[in-house]
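Encoded as C-alpha cells, the structure appears first; notes follow it.
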Amino acid sequence: QVQLVESGGGLVQAGGSLRLSCAASGRTISSYYMGWFRQAPGKEREFVAGLSRSGSSTLYADSVKGRFTISRDNTKNTLSLQMNSLKPEDTGVYFCAAGRGTWATPKMYDYHEWGQGTQVTVSS
C-alpha cells in the first residue's frame with residue numbers, strides 16, 4: 001500500500017501558476033498509474049490529469065488541456081502537477097491518487113489509494 005501526501009496548494013490570482021507535489025511512501029509509485037483529481041465546494045470530485053506507469057502516456061480533462069502538466073519522478077517517488085494560467089474555476093481541493101495497473105484512466109473508482117488533498121484557491 002502506498003501513502004500519498006499532497007503539497008503546494010495556496011491562494012493565487014487568476015493568470016498565475018502553482019506547482020503541486022505528491023510525495024509517496026510505503027511503496028514506489030513506479031508500480032502505479034497516477035492521477036490528479038479536484039473537488040470544488042458543492043461539486044463532485046472530477047478528473048484533472050493522469051499519467052501511465054512509465055510516464056509515456058498522459059490524459060487531461062478538456063478544461064485544463066494546454067494549461068496543466070502532469071509529471072512523475074519515480075526516483076524521488078513523487079508526482080507533480082504544474083498549473084499555469086489559472087482560472088477561478090480551477091479552485092478546489094486537489095487530490096493525488098494511485099491506481100494498480102499500467103494506463104491511467106479518468107474514472108475515480110479506478111484509483112485505489114488517495115491523499116488527503118491540498119487546497120487551491122484562484123481569485124479573480
Side-chain angles (χ1 to χ4, degrees):
Q1 187 174 356
V2 64
Q3 290 79 44
L4 304 171
V5 178
E6 303 92 338
S7 62
L11 173 64
V12 63
Q13 288 188 333
S17 298
L18 280 176
R19 186 177 181 85
L20 304 184
S21 293
C22 174
S25 62
R27 291 193 67 178
T28 173
I29 62 169
S30 61
S31 300
Y32 300 88
Y33 56 82
M34 303 294 293
W36 287 97
F37 289 75
R38 67 187 180 191
Q39 188 166 16
K43 294 188 176 181
E44 293 187 352
R45 194 170 298 187
E46 65 175 4
F47 173 77
V48 175
L51 189 60
S52 63
R53 276 181 59 181
S54 69
S56 63
S57 177
T58 57
L59 285 175
Y60 293 97
D62 288 344
S63 59
V64 307
K65 278 181 183 176
R67 300 188 298 122
F68 290 12
T69 303
I70 187 173
S71 61
R72 67 193 297 160
D73 186 336
N74 288 343
T75 62
K76 295 182 179 180
N77 224 22
T78 59
L79 179 74
S80 298
L81 184 69
Q82 178 65 43
M83 306 187 294
N84 299 328
S85 303
L86 283 161
K87 304 175 181 180
E89 51 264 43
D90 294 319
T91 293
V93 178
Y94 282 69
F95 298 90
C96 170
R100 302 184 197 100
T102 300
W103 306 108
T105 90
K107 300 177 182 178
M108 186 173 67
Y109 296 104
D110 286 339
Y111 291 79
H112 308 96
E113 311 293 347
W114 292 83
Q116 295 300 306
T118 184
Q119 176 71 45
V120 171
T121 303
V122 184
S123 63
S124 57

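The shown structure was predicted, so the numbers you read here are calculated from the model rather than taken from an experiment.
Gln3 CD to Gln1 CD: the interatomic distance, rounded to the nearest 0.5 Å, is 5.5 Å. Atom OH of Tyr32 and atom OH of Tyr111 lie 13.5 Å apart (nearest 0.5 Å). Separation of atoms OH (Tyr94) and OG (Ser7) is listed at 15.0 Å; rounding is to 0.5 Å.
For Ala49, the side chain to side chain contact (heavy atoms under 4.5 Å, CB included) criterion is met by Tyr60, Ile70, Leu81, not counting sequence neighbours. In this structure Val93 satisfies the side chain to side chain contact (heavy atoms under 4.5 Å, CB included) test together with Phe95, Gln119, sequence neighbours excluded.
Pairs of residues two or more places apart, or lying in two chains, never qualify as salt bridge (charged side-chain N to carboxylate O under 4.0 Å, His left out) while including a residue from residues 50-60. Here salt bridge (charged side-chain N to carboxylate O under 4.0 Å, His left out) pairs that include residues 103-124, with residues two or more places apart or in two chains, are Arg100-Glu113.
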Side chains of residues 11-21: which donor-acceptor pairs under 3.5 Å do they make with residues two or more places apart or in other chains?
{"residue": "Ser17", "atom": "OG", "partner": "Asn84", "partner atom": "OD1", "Å": "2.9"}
{"residue": "Arg19", "atom": "NH1", "partner": "Gln82", "partner atom": "OE1", "Å": "3.1"}

Taking only distance into account, with no hydrogens and no angle test, what donor-acceptor pairs under 3.5 Å do side-chain atoms of residues 39-48 form with protein atoms, sequence neighbours excluded?
{"residue": "Gln39", "atom": "OE1", "partner": "Arg45", "partner atom": "NE", "Å": "3.4"}
{"residue": "Gln39", "atom": "NE2", "partner": "Lys43", "partner atom": "O", "Å": "3.1"}
{"residue": "Glu46", "atom": "OE2", "partner": "Arg38", "partner atom": "NE", "Å": "2.6"}
{"residue": "Glu46", "atom": "OE2", "partner": "Arg38", "partner atom": "NH2", "Å": "3.2"}

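The heavy-atom pair separating Arg27 from Asn77 by the smallest distance is O-ND2, 3.1 Å. Residue Tyr33 comes nearest to Gly101 through the heavy atom pair CD2-C, 3.5 Å, listed as atom of the first residue, atom of the second, then distance.
Checked for salt-bridge contact, Lys87 and Asp90 miss the test: no charged N lies under 4.0 Å from a carboxylate O.
Residues Met34 and Leu4 have side chains in contact (heavy-atom distance under 4.5 Å, counting atoms from C-beta outward). At least one side-chain heavy atom of Trp36 sits under 4.5 Å from a side-chain heavy atom of Cys96. Residues Leu59 and Trp103 have side chains not in contact (no heavy-atom distance under 4.5 Å, counting atoms from C-beta outward). Between Ile29 and Asn74, some side-chain heavy-atom pair lies under the 4.5 Å cut-off.
Between the Arg67 side chain and the Ser85 main chain, a donor and an acceptor come within less than 3.5 Å of each other. Between the side chain of Thr118 and the backbone N or O of Gly9 there is at least one donor-acceptor pair closer than 3.5 Å.
Put simply, Leu79 and Met83 are part of the same group of oily side chains (I, L, V, M, F, W, Y) that touch within less than 4.5 Å, one to the next.
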